[in-house]
Amino acid sequence: MNRVSKRILIPSAVLMFTLGSLACVAQKTAKPAMPWMDRSLSPDRRADLVLGQMSFDEKMQLVHGTGWGVLRAGDPVPAASNRGAGYIPGIQRLGIPDINLADSAVGVRMAGPESRYATLLPSGLGLAATWDTDAANLYGQVIGRELRAQGFNMSIGGGVDVMRDPRNGRNFEYAGEDPILAGHIVGELAKGVQSQHVMGDIKHYALNDQETGRSVVDVHMDKRTMRETDLLAFEIAIKMSEPAAVMCSYNLVNGDHACENDYLLNQVLKKDFGFKGFVLSDWEGTHSSAKAANAGLDMEMPGEDYFGAGLKKAIADGQVPMARLDDMVHRILRSMFATGVVDDPPVRSVVDPFKGRDDARHIAEESLVLLKNAGAQLPLKSATVHSIAVIGGHADVGVLSGGGSAQVDAPGGNAINPKEATAQWGKPVYFPSSPMMAIQRLAPGAKVAYAGAEDVAAATKLAASSEVAIVFATQYMTESIDPATLSLPDNQDALIKAVAAANPHTIVVLETGGPVSMPWIDSVSGVLAAWYPGIGGGEAIGDVLFGVVNPSGKLPATFARTEADLPLPQIPGMLAANAPVQDMKTDPHHQFEMTYPEGIALGYRWFELKQRKPLFAFGHGLSYTHYKYSALKVDAGNRVVHFQLTNTGAVPGTEIAQVYVTLPGASGEPYQRLVGWERVPLMPGQSKSVDIALNPTYLSIFDVPTAGWKLLPGEYKVSVGAASDAIALTGSLDVH
Ligand code: NOJ
């Protein structure tokens with residue numbers, strides 16, 4: 001009792017003082033240990049605070065990976081690695097987490113061996129065909145969300161190399177031939193990834209525009225051309241998304257490998273674009289220690305051939321300043337803070353496959369491009385169609401996906417051989433989304449039968465006895481290989497010709513990496529480009545064929561009639577046997593120079609310049625309704641293009657209205673370039689006024705002497721329409 005009274009008698013002021021000082025002591029001991037964990041500080045400040053505590057060896061640990069790991073059979077895999085494409089151990093004592101990165105161009109790669117699930121999204125080129133930045137953001141969110149659920153904190157995807165050659169084996173990972181469209185799509189995608197607190201990446205910087213000889217090709221290109229084309233796509237994407245990282249590419253540019261190229265990395269990326277993140281090399285794309293570090297490479301992947309002992313020595317010898325190592329580490333750390341991977345690390349959970357499939361299907365629906373629809377053959381009418389022949393492309397079981405490091409594992413194994421649970425390099429993988437089942441569901445009263453592509457006679461017989469024949473034509477594309485031609489492989493042109501001869505209502509659905517030639521085009525009634533449509537692809541194709549979804553996609557690349565119409569009828573570096581020169585060899589004797597003859601005039605610009613008519617032009621894409629463009633007004637003062645768009649048909653639709661500009665003669669660029677677009681949803685009979693603002697950079701030329709964009713004075717021709725070859729309205733814009 002006494003004791004209690006004594007305690008009560010302690011004056012409250014004394015008590016408060018005592019507790020206060022205790023709290024102070026506690027604070028002093030807990031907080032100062034990691035002041036960089038204060039979220040109110042800027043990422044740069046936080047990075048500097050950590051850096052100040054790091055030993056030399058700890059800094060070195062962050063600037064390279066730990067080897068090929070799971071990517072190379074038999075190579076050691078660090079215990080803490082999440083078994084993705086790369087792993088960099090963090091600095092635990094300082095609260096810096098490991099970096100676990102996964103290839104994730106079109107969905108998270110290599111989930112299969114870990115019994116994880118990953119959503120296969122439509123190919124990057126398919127995404128570009130939506131011209132929809134909201135869809136691109138959603139695409140990135142799916143990737144970021146699933147990376148987190150799988151325990152990864154960094155994505156390596158975001159390919160934005162422009163399509164100079166439609167035969168590039170990786171075109172399906174990229175976003176087409178127009179730098180402005182590609183830049184916006186991939187920039188928004190990377191924003192979507194990073195919105196999930198995962199570090200994003202944009203690759204392959206730069207001019208990795210063909211796979212043939214990708215490690216030995218030396219691309220020669222003048223600065224103006226680079227800046228107005230390939231580098232413009234990167235500039236837009238990087239400025240839009242502020243990605244954590246940029247991956248430099250395998251090839252050389254003007255004599256130096258991209259990963260040790262001072263112009264590309266220091267001068268353009270870091271100085272001109274203001275890129276604050278880090279540059280990581282493509283896998284074994286590093287070729288030196290001092291040269292690469294001084295040229296701006298911040299991290300070697302996947303191992304430490306040059307940024308381990310070699311870089312240590314270069315620093316000790318004074319070839320690389322210590323300040324440069326600090327800059328490398330600062331960039332890595334500030335990206336980790338900026339994207340939230342320190343404050344909100346991934347927590348492993350289970351990927352939601354249904355949400356992923358719904359998102360993939362939505363994007364696929366927007367990505368499908370109706371190329372031809374003679375006699376309004378499409379949409380098919382479920383009430384009146386009695387028999388449908390589904391031919392080829394394994395459409396009875398699934399849809400094709402692209403290969404290489406963009407390959408996603410199919411749930412339940414390869415749909416054409418479920419025993420193949422995980423993808424093998426170079427082997428086509430089909431995903432279990434069957435177009436034939438979707439067709440049958442949409443036409444329950446019709447007899448739907450399947451014939452494989454291998455037996456042309458059986459396929460033709462089935463076509464002849466059916467009201468409609470739908471041929472699914474496939475072209476498997478994969479990293480490290482370019483096909484020699486634009487032709488569909490495996491005799492599919494002959495198959496289509498034979499089917500079309502047997503059935504006047506033949507529709508071709510293309511599942512391809514990019515543009516292909518169509519020698520049979522005049523004998524079929526419909527063609528639908530479905531790219532690689534992803535896990536919701538079968539359903540999306542069915543919905544478009546039957547008009548449940550009105551197609552709205554437009555081509556993000558020109559479809560040439562033949563290789564002869566391309567700037568380079570043959571891919572340089574391709575050997576007689578159509579085999580690329582040794583891909584990964586760094587032997588300088590194999591090096592060859594490459595000059596792209598089209599220069600700035602890539603893609604549709606080339607066709608206009610040479611007055612060649614493509615098979616299908618950039619921007620082309622049909623709908624089940626019709627649109628009327630009218631009342632163009634160009635507001636020169638505010639640089640805004642106004643016009644009226646009306647749905648004159650009977651069904652709702654979304655039109656992608658496009659604005660092209662031709663610069664004044666002094667530019668030396670006598671062809672139009674895309675400068676803006678808008679997706680406009682319209683009900684039948686509805687009319688909307690559309691305003692598209694013109695970004696001055698997109699109207700400019702790149703001025704090499706001042707290293708800046710220059711808006712030339714003069715008259716600019718403004719063209720508005722449904723495609724690059726379907727201009728409905730023209731006007732002009734005067735710039736003084
Ligand atoms: C090489 C590819 O070019 C690159 O895109 C990929 O991220 C790495 N390998 C890692 O798989």
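Any value given below was found using the heavy atoms of this structure, including those in side chains, with hydrogens, waters and symmetry copies removed. Read the numbers this way: they start at 1 and go in the same order the structure lists the ligands and their atoms. Numbers for residues simply follow the sequence, beginning at 1.
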List below, pair by pair, the N or O atoms of ligand 1 and of the protein that are less than 3.5 Å apart, including the distance to 0.1 Å; reply 'none' if no pair qualifies.
residue, atom, partner, partner atom, Å
ligand 1, 3 (O), R170, NH1, 2.7
ligand 1, 3 (O), D282, OD1, 3.3
ligand 1, 3 (O), D282, OD2, 2.6
ligand 1, 3 (O), E479, OE2, 3.4
ligand 1, 5 (O), R170, NH2, 2.9
ligand 1, 5 (O), K203, NZ, 2.9
ligand 1, 5 (O), H204, NE2, 2.7
ligand 1, 7 (O), D103, OD1, 2.6
ligand 1, 7 (O), K203, NZ, 3.3
ligand 1, 11 (O), D103, OD2, 2.4
ligand 1, 11 (O), R109, NH1, 3.3

Salt bridge D165-R167, side-chain N to carboxylate O under 4.0 Å: yes
side-chain hydrogen bond (donor to acceptor under 3.5 Å, both in side chains) with N414: which of Q424, E420, K419? E420
Run the salt-bridge test on D298 and K270 with the 4.0 Å N-O cut-off and return the result as yes or no. yes
Could you tell me whether W131 and F618 have their ring centroids closer than 6.0 angstrom? yes
Can R170 and D482 be counted as an ion pair, charged N to O under 4.0 angstrom? no
Table please: side-chain donor-acceptor pairs of residues 115-124 below 3.5 Å, with sequence neighbours left out.
residue, atom, partner, partner atom, Å
R116, NH2, N82, O, 2.9
R116, NH2, N82, OD1, 3.1
T119, OG1, E146, OE1, 3.4
T119, OG1, E146, OE2, 2.5
S123, OG, G126, N, 3.2

